[in-house]
K.L.:
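Mind looking over this structure? Questions follow.
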Amino acid sequence: MRKGLIAANWKMNGQEESNEALLSEILEALHGLSAHENAQTEILICPPALYLQQVGKKLEGSQLKLGAQNVHPAESGAFTGEISAQMLRDVKCSHVIIGHSERREVFGEDDQFIAEKFSAAQASDLIPVLCVGETQALREAGETSEAVLGQLKAVLNHAGVDAFKNSVIAYEPVWAIGTGLTASPEQAQEVHALIRATISELDTGVGEQIKIIYGGSVKSTNAAELFAQQDIDGALVGGASLVAEEFVSIWSAYCSN
Ligand code: 13P
């Protein structure tokens, strides 16, 4: 059985004091869950890069993992403002989010650049969390599958299916991010199944074991029905991950699923 993953993407939110308070609340609430519940999932916290060390220190000794929100594909050099995969390893990150729609849309990252980031992350033993998802216009035009598979295949073609053995895919329909609109469980399942089938066609083992998590307005009130779907292995949570009670409830919904 695949172990689930509940990941918090804090985006550009938080400050030292509020980070400390949020993490304390999360860690305390997690103590209240049973060992059985705890064994069902991995939890990942992805704060802004500036706070990776603060958060990493706070998570020491806990089962929570540390992830970054972005990485540059080069090893080092003249890339003002950027951070390399080795630097993320240096501050004990295990994961990095790649290809989030906000990076694609706001910062103009294309499929090729995202594929290079994916490979650079893996070369430094980071687990990439590759985000894919269609815009509202593409969904309305009936082009969801083409859009999602196009993004997926750009990385598959660059890195090969073997590279997906140790990676996570996050399906995040762009129209559901931060909007309060969530894909229905059936809509999400359809795309998750398509992603898994596409990978399974290349390698059944990789397709079976890869975690495919859902993101887009996940909250405590809609998490359980999403997690009940066969191919949804967890969530990438934005806004609700900034509220300890919400985030822990989402985790708990996965564990009791
Ligand atoms: P929201 O949960 O705020 O919709 O954000 C989802 C997301 O983009 C996570 O990466």
Side-chain angles (χ1 to χ4, degrees), residues 4-14 18-19 22 26 41-49 51-52 55 64-71 88 93-107 109 114 117-118 121 126-136 138-139 144 147-148 151-152 155 167-185 187-188 191-192 195 211-227 229 232-254:
L5 172 68
I6 306 297
N9 177 7
W10 287 4
K11 306 193 180 183
M12 197 172 73
N13 293 291
S18 59
N19 298 344
L22 175 58
I26 291 175
T41 51
E42 290 178 342
I43 302 197
L44 175 66
I45 308 282
C46 303
Y51 299 120
L52 282 168
V55 173
L64 276 67
K65 299 191 163 154
L66 181 67
Q69 297 176 15
N70 189 25
V71 65
L88 296 178
C93 285
S94 56
H95 292 67
V96 58
I97 298 172
I98 309 260
H100 192 281
S101 62
E102 286 149 19
R103 301 244 29 118
R104 293 178 191 264
E105 294 201 334
V106 184
F107 300 97
E109 294 187 4
I114 288 162
K117 288 179 177 214
F118 184 96
L126 285 165
I127 299 172
V129 179
L130 173 68
C131 300
V132 295
E134 80 288 1
T135 60
Q136 178 138 31
L138 287 166
R139 175 159 284 267
T144 298
V148 169
Q151 292 171 345
L152 178 64
V155 181
S167 72
V168 175
I169 296 175
Y171 169 55
E172 297 207 316
V174 180
W175 50 272
I177 295 178
T179 57
L181 295 173
T182 321
S184 69
Q187 283 174 322
V191 179
H192 281 235
I195 292 171
K211 291 190 216 322
I212 308 176
I213 61 177
Y214 170 82
S217 299
V218 176
K219 306 187 250 328
S220 58
T221 47
N222 59 22
E225 54 182 17
L226 287 161
F227 298 152
Q229 303 299 313
I232 300 185
D233 305 318
L236 181 53
V237 188
S241 74
L242 300 169
V243 182
E245 207 184 326
E246 269 292 294
F247 187 61
V248 173
S249 295
I250 292 168
W251 186 19
S252 188
Y254 189 88

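Both ligands and their constituent atoms are indexed starting at 1 by order of listing. Position 1 is the first residue of the sequence; numbering continues from there.
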K.L.:
Show the protein residues that qualify under the rule heavy atom under 4.0 Å from an atom of ligand 1, listing them in chain and number order.
P.N.:
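For ligand 1, the residues that come within the 4.0 Å heavy-atom cutoff are Asn9, Lys11, His100, Glu172, Ala176, Ile177, Gly178, Gly216, Ser217, Leu236, Gly238, Gly239.
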K.L.:
Going by the rule side-chain hydrogen bond (donor to acceptor under 3.5 Å, both in side chains), which residues pair with Gln229 if we only count those two or more places apart in sequence or in a different chain?
P.N.:
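Testing Gln229 for side-chain hydrogen bond (donor to acceptor under 3.5 Å, both in side chains), a comparison that skips the adjacent residues, returns none.
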K.L.:
Would you say the side-chain atoms of Thr135 pair up with the backbone N or O of Val174, donor to acceptor, closer than 3.5 Å?
P.N.:
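No: the side chain of Thr135 does not pair with the backbone of Val174.
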K.L.:
What's the shortest heavy-atom distance between Val218 and Ala240, and which atoms?
P.N.:
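Minimum heavy-atom separation between Val218 and Ala240: O-CB, 3.4 Å.
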K.L.:
Are any side-chain N or O atoms of Glu134 and backbone N or O atoms of Val148, one a donor and one an acceptor, separated by less than 3.5 Å?
P.N.:
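No; zero donor-acceptor contacts below 3.5 Å.
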K.L.:
Set out, in order, the CA-CA distance, both residues' side-chain angles and the distance that settles side-chain contact (heavy atoms from CB on, under 4.5 Å) for Thr182 and Tyr214, then state yes or no.
P.N.:
CA-CA 10 Å; Thr182 321; Tyr214 170 82; 3.5 Å; yes
K.L.:
Using 0.5 Å steps for rounding, measure from the CG atom of Leu152 to the CG atom of Leu130.
P.N.:
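CG of Leu130 is found 7.0 Å from CG of Leu152.
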